[in-house]
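When a ligand or atom number is given, it counts from 1 through the structure's own listing order.
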Amino acid sequence: MTQYQIVADGDTVLRDGTIKLHGPAAFEGMRKAGRLAAEILDALVPLVVPGVRTDYLDDVVRQMTLDGGAVPATLGYRGYAHSCCISANNVICHGIPSEKTLKDGDIVNIDVTPLLDGWHGDSSRMYLVGDVPLKARRLVDVTYECLMIGIEKAKPGARLGDIGAAIQRHAEAHRYGVVRDFCGHGVGRLFHDAPEVVHAGIAGTGPELRPGMFFTIEPMINLGKPSVKMLDDGWTAVARDRSLSAQFEHSLGITEDGCEIFTASPLGLHKPPY
Ligand code: MF3
Ligand code: CO
Ligand code: CO
């Protein structure tokens, strides 16, 4: 049985499995946090070039987050010590910024989560590093389409399973693999809250979507099989078959007649080429 909890301004919320339903002040809070996330991802566009160190990009994310009056929610989260995740090529998610450099032909996801005035704006985009082969660019395009097809299903009266089913259908039509081991999540005062937003599933199943729900959709799509392997660092998730993997993420809120994307790019830099 899905439980919903109406959250009033200033209420303390717990990770108790309930789906939170928010009001106008919360939408405003998420709008601001989401906008900052999007501005950071916009600002990274000219910096993601061959030869750049990923820990330099992490420094830029941290500085921009702080300058925006926020803190990176990942910093210190379950022992994670960085301001974003940077996941290149066969890394599915949670790639750790390091002294390693990006090289011509790489595809890379950067995932940021500024925590601004108590609200989490969680978003990621893919970037193309220099000249990227067509096969990889196609994966990136289709992954963006998967996110947007999922978002089209996000409206009152729909079920959570409608989102995953639509994403899975599109990805598999291209013979790509939908990662099952990680999913989208409720977001808001909490970074990761109920419900789990899976990216593969059965239409007409799962919790009903109601106005005031906030959650992310963040499909991870592999050129090959969906299986994941965790590296020894405890964070980095790679495609077990080492195929390329892509991901885009938005944070959104269900409205009376659809949804509001909190993390849309103010500059219209939705997907590469930027
Ligand atoms: N931003 C990621 C998400 O979309 C979570 C990263 S948690 C970290 O949910 F600790 F790996 F940074
Ligand atoms: Co997320
Ligand atoms: Co994220």
The Co ion (ligand 3) contact by Asp122, N, O or S atom under 2.8 Å: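 It does; at least one qualifying atom falls short of 2.8 Å.
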Full working for side-chain hydrogen bond (donor to acceptor under 3.5 Å, both in side chains) between Ser243 and Asn222: CA-CA 6 Å; Ser243 64; Asn222 293 354; 4.6 Å; no
Smallest separation among heavy atoms of Leu57 and Leu102, with atom names: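 Smallest heavy-atom distance, with atoms named: CD1-CD1, 4.1 Å.
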For the student: nearest non-hydrogen atoms of Glu256 and Pro211, plus distance: OE2-CB, 3.6 Å
Heteroatom N/O/S of Glu218 within less than 2.8 Å of the Co ion (ligand 2):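 True for Glu218.
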2.8 Å cut-off met by an N, O or S atom of His185 to the Co ion (ligand 2): yes
4.0 Å heavy-atom contact, [X] with ligand 1:
X: Arg78; answer: no
X: Phe191; answer: yes
X: His82; answer: no

Ligand 1-proximal atoms of Cys85, by part, heavy-atom distance under 4.0 Å: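 It is the side chain that touches ligand 1; the backbone stays farther off.
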Under-4.0 Å heavy-atom contact with ligand 1, by part of Asp122 that carries it: side chain
Intermediate values then yes/no, side-chain hydrogen bond (donor to acceptor under 3.5 Å, both in side chains), His199 and Glu218: CA-CA 8 Å; His199 303 111; Glu218 48 182 300; over 6 Å; no
Single hit among Val48, Val140, Val108 for side chain to side chain contact (heavy atoms under 4.5 Å, CB included) with Leu128: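 The option that passes is Val140.
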Side chain to side chain contact (heavy atoms under 4.5 Å, CB included), paired with Ile40, selected from Val61, Asp67, Ile110: Val61
Over 12 non-hydrogen atoms of neighbours within 6.0 angstrom of OH in Tyr77: yes
Enumerate the atoms of ligand 1 whose separation from the nearest heavy atom of [X] is less than 4.0 angstrom.
X: Thr113; value: 1 (N)
X: His192; value: 3 (C), 5 (C), 9 (O)
X: Trp235; value: 8 (C), 10 (F), 11 (F)

Checking the N or O distance criterion of under 3.5 Å, is ligand 1 in contact with [X]?
X: Tyr77; answer: no
X: Asp111; answer: yes
X: Thr74; answer: no
X: Glu218; answer: yes
X: His94; answer: no

Verdict with reasoning, Asp59 to Arg62, per salt bridge (Lys or Arg N to Asp or Glu O under 4.0 Å): CA-CA 5 Å; Asp59 287 342; Arg62 183 173 51 261; 2.6 Å; yes
Between His120 and Thr113: side-chain donor-acceptor atoms closer than 3.5 Å: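 No donor-acceptor contact under 3.5 Å links the two side chains.
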CG-CZ distance between Leu36 and Phe262, expressed to the nearest 0.5 angstrom: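 Output value for this atom pair is 15.0 Å.
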OD1 (Asp111) to the Co ion (ligand 3) to OE1 (Glu249) angle, given to the nearest 10 degrees: 100°
Parallel, tilted or perpendicular: ring planes of Trp235 versus His94, cut at 30 and 60 degrees: perpendicular
